[in-house]
Amino acid sequence: MIVDKPWGHEIRWAITDRYLGKILHINSGQKLSRQYHEVKDESIYVLKGVLILEVGSGKDLYTHILREGQTYRVRPGTIHRFAAPADGYVKLIEVSTPEIDDVIRIEDVYGRAK
């Protein structure tokens, strides 16, 4: 199932009661919400491009640059944001626990509800 998003799109290739598998395509210069999950535990793998991964907020904000083949685990309660650089898109595999609607938005450049 392809789901269009303001930052690109995601392909949900596995939805079960135990896990969720998605491919995220983030367009050049776009970014997801700064968010966290109460229960959802997710791991990402960079398939193509470069991911700008922001973790934390305020003075505790850290930026990680992940390249093709690199991974990162986002545990419940971790504030994070995925972004693509201005000069190229990024494609990720995300595998997580099945709580697809467990998204607490802190900041969103597209005006979506918190």
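Hydrogens, waters and symmetry mates play no part in the numbers below; they use all other heavy atoms, side chains included.
For the atom pair CD1 (Ile11) and CD1 (Ile93), the distance works out to 10.5 Å, reported to the nearest 0.5 Å. Distance CG/Leu53 to CG/Leu32: 11.0 Å, rounded to 0.5 Å. Residue Arg81 holds its CZ atom at 9.0 Å from CG of Leu61, rounded to the nearest 0.5 Å.
Just one of Arg34, Lys31, His64 meets the side-chain hydrogen bond (donor to acceptor under 3.5 Å, both in side chains) condition when paired with Glu54; it is Arg34. When the options Arg105, Gln30, Lys5 are evaluated for a side-chain hydrogen bond (donor to acceptor under 3.5 Å, both in side chains) with Tyr110, the one that passes is Gln30. Partner of Val3 under the side-chain contact (heavy atoms from CB on, under 4.5 Å) criterion, chosen from Glu10, Lys22, His9: Glu10. Among the candidates Val74, Asp60, Thr78, the single residue satisfying the side-chain contact (heavy atoms from CB on, under 4.5 Å) test with Val55 is Thr78.
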What do the steps show when you test Met1 against Ile15 for side chain to side chain contact (heavy atoms under 4.5 Å, CB included), and what is the final call? CA-CA 10 Å; Met1 168 187 347; Ile15 304 172; 4.1 Å; yes
Please walk me through it: do Val46 and Val90 pass side chain to side chain contact (heavy atoms under 4.5 Å, CB included)? CA-CA 8 Å; Val46 180; Val90 63; 4.1 Å; yes
Checking side chain to side chain contact (heavy atoms under 4.5 Å, CB included) for the pair Val95/Leu20: CA distance, chi angles, key distance, verdict? CA-CA 6 Å; Val95 178; Leu20 173 64; over 6 Å; no
Between Leu92 and Phe82, does a side chain to side chain contact (heavy atoms under 4.5 Å, CB included) hold up when you go through it step by step? CA-CA 10 Å; Leu92 314 172; Phe82 302 156; 3.9 Å; yes
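Checked by atom type and distance alone, the side chain of Asp102 pairs as donor or acceptor with a backbone atom of Val39 at under 3.5 Å. Judged by distance alone, with hydrogens and angles left aside, the side-chain atoms of Ser43 form no donor-acceptor pair with the main-chain N or O of Arg73 at under 3.5 Å.
When hydrophobic residues (I, L, V, M, F, W, Y) are linked wherever their side-chain heavy atoms come within less than 4.5 Å, the members clustered with Val50 are Ile52, Ile65.
Ring centroid separation for the pair His80 and Tyr36 does not come in under the 6.0 Å cut-off.
One side chain, Ser33 or Arg112, offers a donor N or O that lies under 3.5 Å from an acceptor on the other.
Leu66 and Trp7 fall within the same hydrophobic cluster, defined by Ile, Leu, Val, Met, Phe, Trp and Tyr side-chain heavy atoms under 4.5 Å apart, directly or through other members.
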